[in-house]
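These notes are about the structure you will find just below.
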Amino acid sequence: MELLKKYPKLFPWLFLLAVFFALCFAIEVPETYKFIRGQAEFIKDPNQSSYIFLGKEVRYYAFDVFWRLPPLLGWLPIWINDSLFFLMNEWMPIEVWNEDTQEFKSRPVVLQITRNLTAFMTFLIQLIRETLLGGLETIVAFSSWDWIDANPWAELPGLPWTIVAAGSAILAYKLSGKGLAIFAGLVMTYISIFGQWKPSMQTLSFILVAAPLSFIFGLGLGIAAFKSKRVEKALYPILLVMQTMPQYAVLVPALVLFGVGDHAAVIITMIVAVPPMILLTLLGLRAVPPEVIEAGRMSGCNNWQLMSKVLIPTARRDILIGVNQVIMVCFSMAVISAFIGAKGLGFNLLLALNQLNIGLALEAGLCISLIAILLDKMSLAWANKQIDYFGNLTFYQRNKNSIFFGLAVLFGIIFAYFGSFYFKEGYNYFF
Amino acid sequence: MSEPVIKCENVYKIFGANSEKMLKEANGSVDAKTFQEKGCIVGVNNASFEVSKGEMLVVMGLSGSGKSTLLRCISRLTDATGGKIFIEGQDLLKLNNKELIDLRRNKMGMVFQSFALLPHKTVVENIAFPLQIKGIKTEDSISKAMDMVKLVGLEGRENYFPRELSGGQQQRVGIARSLAVEPDIWFLDEPFSALDPLIRKEMQDEFLRLQEKLQKTIMFITHDFDEALKLADRIAIMKDGIIEQLDTPANIVLNPATEYVRKFTEEVPREKVLLIEDVMDKSTNDLGNLKVLKDETIENVAENILTQEKSVAVIDANNKIVGSINPTKIINTVFGGRKKNN
Ligand SMILES: Nc1ncnc2c1ncn2[C@@H]1O[C@H](COP(=O)(O)OP(=O)(O)OP(=O)(O)O)[C@@H](O)[C@H]1O
Ligand SMILES: [Mg+2]
């Protein structure tokens, strides 16, 4: 007891040790895991003895208890696997209203939650994707398939590449200036000329969902950790694991929980991209000089104003590095998540890898890095933007770029829409 | 007399774990040394004083004597460990969050020792910041901020960022920011120490002029005794968190309460502190022709008095003779009997 008081850390360690040994002795390999059981049988040797614990045979080594460890830990992953499937497919069924069959169906709660999440992510991705490329599903989400069948005109036509290129150039010009605008225009033209338009836009739509979500979650959790020591302590081990976990290892559980496709890719990307964002947010907020905080308080800030107007802007440098990290991770995940069925450039890369097609690989790779650079520069420029208080502008002057942009998008959509009628099944040259 | 604007009763600030418990156990007699042995640092030790409306209290003391900490307690940037603080009769420590924010938005301004400007905002945005927090429209707050920019002489630099300014310029931004909301109570933590002598003098004069006009209640921290003498209505001298003496400049120099204060004021040029009134004789016999006002500092009139043979008549504002002073007395006060004075 004295010892425990002196070293308070000792208690959790002892507890962990006890749990560990309890697990070692209590867990018995079930009949179903033939392979593992086989391993266990294989390892059985004359030194092993056994006893009956709660009606089951528990084998152990008479001489050294640690010899038991490999087979026991060896089947723990399977156990985890099993419990995950149980959680997904059996645990706590709830009644859910099914639109298609018009009846209540019982579904496990976890499955329901993940499916809802999935549907939401899919909707976001599709919304952006179909604005860029055209399609039906966004409209379906607001109505139904029957309605679409009845009204064949209702279809998002997709923006012509010229409009997208011009739009991004204008945006870049507004955010930063001529240099970035030219770069944006060139990138888009390059992508279009080399025929990577569709996969590029698919990747872009994926990133445009994944990156902001990761940013918001990372920033939010970072702030929470900054405000409360307890949250920080709880987050820290998770962050450590997430940061060091190979990205491939995350693919599998995500696949089980969320299925195959872009939405699962978004969720995995968030898992990988959020931790550095949290850490960098925390780092930045910590580095704000206390007197600046005091100055904010003396200016009469409430907590929200202090956070949004003093702390975050002052910590901006680190947070921006976080944003940069998020974007980079998103692009690397865009490639990796091709393994679980995400569409886009990553998929092309995977194809190129399988076919040893160097040209295609290079092209897709270049597209990815170009888009990455563009987005990174744009986000930086956006964060560094200054407000001009002295220009005495009218509403039109102040907003002329956005008005122009909006008009261009509208015009493009209409143009492409009529184009799709005119060229019918053939190649839509307006697109 | 009306109610004091700032009133402190036995304020303690002790840093460290268990400070409240230790303060209770100490039963009112806090000793910095014994506390330090137990791992606590005494920032402010039993401070009781009042500041009335329109008064300027200058706080002096060596580095680490707890001046900034005292100011932080009164603005409630840190919660005092013990004691009571009243701002215009309200118990500061009992205010809830909203009331505190209201108080800071409308009544208090503070200039920080290390400027504490927001690095992502330009000069004019920094100055407009408290106004915008208050919810004033952007245009109004910016135009008000521009007035402040002019007041502190930073025209032409309103779109600079703090990192592009020198220390003195940054400090002027800090001063302008604290003035933007027109606070009644103004805390200044070494506001002029980063300025060069020329601008410092200019700012001091400007400061006095402003004070004459605005009549704010001010607590002012400085290391510079000349500055304190020039500005102060009263001076508080701190040592290890304790306020050793709080009195008018003349009294502090003439009647130091403790040995520490005496040492602290030893090098102070008396002719700048003392008024004729403080050293004159009551007798009005045998006077020369020269007359001096009783509220003049010795420095201002010494030359005239020293050229006289006889005693000089001392008059008040109504031209009535209230006493006399002779040249030897001046010489004694300024050059000689520093020790004898007591
Ligand atoms: N947050 C804190 N935690 C612990 N101790 C502190 C803290 N802030 C101040 N102190 C201690 O309180 C004492 C008084 O500090 P304070 O900043 O009030 O000094 P000061 O009189 O303003 O000095 P200076 O003239 O250098 O500004 C110092 O000994 C300091 O170490
Ligand atoms: Mg200080």
Side-chain angles (χ1 to χ4, degrees), chain A residues 5 8 175 219 223 227 229 280-281 283-323 379-395 397-399, chain B residues 68 71-72 74-78 97-122 124-136 138-143 145-146 158-159 161-162 173-174 177-178 180-181 183 185-187 189:
Chain A
K5 247 183 207 155
L175 288 177
L219 193 69
I223 290 171
K227 289 209 148 182
K229 261 252 142 5
L280 281 161
T281 307
L283 192 75
L285 291 178
R286 287 268 162 74
V288 176
E291 283 215 340
V292 170
I293 301 175
E294 288 181 342
R297 287 211 176 283
M298 281 313 284
S299 302
C301 290
N302 54 33
N303 285 339
W304 164 248
Q305 286 170 323
L306 193 69
M307 188 49 75
S308 63
K309 300 204 165 139
V310 177
L311 279 166
I312 292 178
T314 310
R316 196 177 55 179
R317 242 185 42 139
D318 289 305
I319 292 177
L320 282 184
I321 297 174
V323 171
S379 63
L380 274 185
W382 174 64
N384 282 325
K385 223 169 129 46
Q386 281 304 310
I387 304 166
D388 180 14
Y389 291 108
F390 302 102
N392 205 355
L393 300 175
T394 60
F395 176 81
Q397 279 172 321
R398 205 185 300 262
N399 296 305
Chain B
S68 301
L71 226 58
R72 286 204 169 87
I74 297 174
S75 55
R76 213 177 140 184
L77 287 171
T78 57
N97 229 341
K98 194 172 164 297
E99 291 166 328
L100 188 64
I101 286 173
D102 270 353
L103 184 70
R104 284 177 180 158
R105 281 186 186 173
N106 301 314
K107 292 244 165 83
M108 285 182 175
M110 186 151 176
V111 179
F112 289 85
Q113 196 169 357
S114 58
F115 321 140
L117 301 179
L118 301 175
H120 63 285
K121 286 186 183 282
T122 59
V124 72
E125 286 170 331
N126 257 296
I127 298 173
F129 182 67
L131 296 169
Q132 287 172 351
I133 287 297
K134 235 170 118 171
I136 293 174
T138 310
E139 285 153 39
D140 297 349
S141 59
I142 292 289
S143 77
M146 281 309 288
E158 59 268 7
N159 282 331
F161 282 97
V173 177
R177 176 177 64 183
S178 72
V181 287
I185 307 169
W186 201 11
F187 303 112
D189 197 344

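Worth knowing before you read on, the calculation uses all heavy atoms, side chains too, and leaves out hydrogens, waters and symmetry mates. Chain A is the first sequence line, chain B the second, and so forth, proteins listed ahead of strands; every chain is numbered from 1. What you see is a predicted model, and the numbers here were worked out from it, not measured in a lab.
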- Where do Pro119(B) and Pro162(B) come nearest, in terms of heavy atoms and distance? O-CD, 4.0 Å
- Between Arg177(B) and chain A, which part of the residue has a heavy atom less than 4.5 Å away: side chain, backbone, both or neither? side chain
- Message: If I measure from the heavy atoms of chain B, does Pro313(A) come under 4.5 Å with its side chain, its backbone, both, or neither?
- Response: both
- Item | Heavy-atom contact with chain A under 4.5 Å, split by part of Leu103(B) | neither
- Test item: Asn126(B) side-chain N/O and Lys121(B) main-chain N/O as donor-acceptor pair under 3.5 Å: yes
- Query: How close do Met146(B) and Glu158(B) get, heavy atom to heavy atom, and via which atoms?
  - Reply: CE-CD, 3.7 Å
- Please determine, among Ala295(A), Pro289(A), Gly296(A), the option with the most heavy-atom pairs under 4.5 Å with chain B. Ala295(A)
- Message: Has Arg297(A) got a side-chain atom pairing as donor or acceptor with Leu306(A)'s backbone, closer than 3.5 angstrom?
- Response: no
- The interface call for Glu294(A) against chain B, heavy-atom contacts under 4.5 Å, is both
- Message: Does Lys107(B) have more than 12 heavy atoms from other residues, nucleotides or ligands lying within 6.0 Å of its NZ?
- Response: no
